[in-house]
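Below is one structure, written out as structure tokens, with a few remarks after it.
Order of appearance sets the numbers: ligands from 1, and atoms from 1 within every ligand. Remember, it's a predicted structure, so these values are computed and weren't measured experimentally. Heavy-atom basis, side chains included; hydrogens, waters and symmetry copies ignored.
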Amino acid sequence: MIIDNVKIINCTNKAILATIIATTLLVYFFYLFNGCLLSGFNKAFRRFPDYNFLNTSTQSTITDDTQIIFGSIVRIVSLTDDDNRNESSFKYRLVNPQNLSARRLPDVLLIGVKKSGTRALLEFVRVHPDVRAAGCEVHFFERHYTFGLNWYRKKMPPTVTGQLTMEKTPSYFVTSSVPSRVYKMNPKIKLLLVVRNPVTRAISDYTQSFSKNKDMKKFEELSFVNGSYELVDTSYGAIKIGVYAKYLERWLKWFPLKQLLIVSGERLISDPAAELYRVQDFLNLKRVITEKHFYFNSTKGFPCLLKSESRSTPHCLGKTKGRSHPKIDRKAIERLSEDKWTGRWFPTNPNEIQTVDSTTDSWKGKWFPEIPSSHNSNDGSYERDRIMGIPNSECDDGETNLSTDFDPNNYEHSVMFTCLERSYKPNYDFEPIETIYNVPKFYTPVHKCMNETISYEQRIPTLGYHRPLWAAYGEYIYLPPQRWLHNLEHGAIVALYHPCANKNLIDQLKKIVKRCLFRHIITPSRELSPQRPFALVGWGTSLEFSVINRPTLVEFIRKYAKAGPEKVSRDGQYKKLLTESSKIITDVDDSDVCP
Ligand SMILES: Nc1ncnc2c1ncn2[C@@H]1O[C@H](COP(=O)(O)OS(=O)(=O)O)[C@@H](OP(=O)(O)O)[C@H]1O
């Protein structure tokens, strides 16, 4: 009986043990299978932090990297990653597997003109997700025609239905056999032709040859017969190519003008986005390539891409594009540019060319593509009207067209600096939030004239397009961000407060900033949140806070003052609603910040 009892107890123990193991295993498997469910919950919780995280237009990027540093929440936002995310949203599409990897003959040909900006146009247009281009010049129609169309097709990139295939070889334009061959391949093909002031083009052409052969004669000697500036030598290749109409005539025998778009090489440099809009319209593409894709690199002196089909980082064209030109005798340039030398534009009588296709409006007549004086890329004059710090009533003189940003004389605009709600209470529970944008190394924002609006994606902008005239340093009744962003670029610190912020705290903030450095701006801003109605802003960074903690603010100012990409300490020109000019603290360069 006792033995029986022991057996029963043993059996019961085994059963209990088995039950425990089974339950543990069950729980374990349940956990494994629902891991994604749990992480889903976690993610959902993480999606609901406080106001500041929700109310910023950069919220999608905030998850990038958030850390606690010196009692502040620091979030690091990658601008380029964010851009990629935007791009990918239109890059991905549902495709049938059989649509993949098909190589097609070109729908679009970039036929020339050599040294007019053809590489720039190709690189810019292939940013479009619906355009795929052969990277190298294929030279099919003039060099490798005997290889046949199949060979040519294999040189093209794979495309899916709906994508355009494109190729550029600038020598197509000047080779007589090419237009008929292209027509034979595809009579409906679209043609792009970049033209540039032929004198600048000739100098660029000469520069390229000279880089390969330093024993070459001077440009002036090659361009004129007998060494005097009397007779232009139109047999010299660099000059000859500039007689665009001669070559165009051949193309227009095969293709109607509506199948050809003439792209301005000058505008491709001064305003690439505008020229790319024309190209996208001509190719029936959605206007995807915009100003956001470009930045002007002042070191290179040309627009560059913030990202492209193959690279997500900012980059310019290679070293062979945008070379320095040798110094050419001004008299030679003047002689080559003379209006009365019709041969520069046309082989004979300018009116002759109009008989080729006079039915279409887009034919510009003698000036091909337009009067040369209207664009002259030689002296960089395209940037002249936007030069910073020089008042220009047609662009920005700090007086005209101010309402584009903020009109100091319009009482309706006073809402920008007036509190319409109850005053916000400071709250120690809200830690300061520092946002650091990874500014691309070569990012150079453009100056925009007052006839163009500037808006920002960031709630508190820390970089971006701005006005050519920057603000005089000091405290303002209100200063729009389109002005103070220029000050940030010069290394200023901008202190912002919400008009409804606590008055005592506003005074404390002002005192700290005024005692720290000369290069400061103080202005209200309605973009701040009720929880953190104060902010300090430096180039590419901002610190939003609820209460005034002197050490935190001083630390931020020391870290980001003078950190803008331009080292300019001189005072600004814009003074509308300036109430107190800033005082020099150590010296004009703010050598010692927050002494
Ligand atoms: N964004 C940008 N970056 C650099 N360069 C630019 C750009 N846009 C136009 N250009 C001008 O393009 C000139 C070269 O023209 P092409 O690309 O047609 O040359 S080529 O025929 O393919 O050799 C090149 O000529 P050079 O200045 O003589 O080098 C440039 O003036």
Before we go on, tell me: are the rings of [X] and [Y] under 6.0 Å apart, centre to centre?
X      : Y      : answer
His144 : His139 : no
Phe294 : Phe124 : yes
Phe147 : Tyr152 : no

Please list, chain by chain and in numerical order, all residues satisfying side-chain hydrogen bond (donor to acceptor under 3.5 Å, both in side chains) with Thr462, sequence neighbours excluded.
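Thr462 satisfies side-chain hydrogen bond (donor to acceptor under 3.5 Å, both in side chains) with Gln458 once adjacent residues are dropped.
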So if I count the atoms of ligand 1 from 1 in the order they appear, which ones are less than 4.0 Å from some heavy atom of [X]?
X      : value
His325 : 26 (P), 27 (O), 28 (O)
Glu137 : 22 (O)
Lys114 : 21 (O)
Phe124 : 1 (N)
Ala120 : 7 (C), 8 (N), 9 (C)
Leu317 : 2 (C), 3 (N), 4 (C)

Which residue owns the protein heavy atom closest to [atom], what's the atom, and how far is it?
atom                    : value
atom 18 (O) of ligand 1 : Thr118 OG1, 2.5 Å
atom 10 (N) of ligand 1 : Phe302 CE2, 3.8 Å
atom 17 (O) of ligand 1 : Arg119 N, 2.9 Å
atom 9 (C) of ligand 1  : Ile269 CG1, 3.6 Å

Tell me which part of Tyr206 gets within contact of ligand 1: side chain, backbone, both or neither, using heavy atoms under 4.0 Å.
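Under 4.0 Å from ligand 1, Tyr206 contributes no heavy atoms.
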Taking 4.0 Å as the limit for heavy-atom contacts, which would you say applies to Thr320 with ligand 1: side chain only, backbone only, both, or neither?
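Backbone only.
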May I ask you to check whether [X] and [Y] show a side-chain donor-acceptor distance below 3.5 Å?
X      : Y      : answer
Glu566 : His490 : yes
Thr165 : Arg104 : no
Tyr277 : Glu291 : no

Flag this pair as yes if the NZ/CZ of Arg181 is under 6.0 angstrom from the six-membered ring centre of Phe141 and inside a 45 degree cone about the axis; otherwise no.
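No cation-pi geometry.
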Any N or O of [X] that comes nearer than 3.5 Å to an N or O of ligand 1?
X      : value
Lys168 : yes
Gly117 : yes
Gly322 : yes
Pro303 : yes
Lys115 : yes

Measure from the side-chain N and O atoms of Glu167 to the backbone N and O of Val138, and report whether any donor-acceptor pair falls under 3.5 Å.
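Yes; at least one donor-acceptor contact below 3.5 Å.
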Work out whether the distance between some heavy atom of Leu122 and some atom of ligand 1 is less than 4.0 Å.
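Not so, Leu122 does not reach ligand 1.
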Give the single entry among Pro170, Ser204, Ser116, Ser211 that approaches atom 28 (O) of ligand 1 most closely by any heavy atom.
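Nearest option to atom 28 (O) of ligand 1, by heavy atoms: Ser204.
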My understanding is that we take every heavy atom of each candidate and find the minimum distance to atom 31 (O) of ligand 1. Doing that for Arg196, Arg323, Lys321, which one comes out nearest?
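Ranked by closest heavy atom to atom 31 (O) of ligand 1, first place is Arg196.
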Partner of Arg467 by salt bridge (charged side-chain N to carboxylate O under 4.0 Å, His left out), out of Asp397, Asp396, Asp405
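Going through the options one by one, the only one that passes is Asp405.
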Under 3.5 Å, side-chain donor or acceptor atoms of residues 214-226 against the rest of the protein: list the pairs with distances, not counting sequence neighbours.
| from | atom 1 | to | atom 2 | distance (Å) |
| --- | --- | --- | --- | --- |
| Glu220 | OE2 | Asp329 | N | 2.8 |
| Ser223 | OG | Phe219 | O | 2.8 |

Lys114 bridged to Asp205 by N-O distance under 4.0 Å:
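Answer for the salt bridge query: yes.
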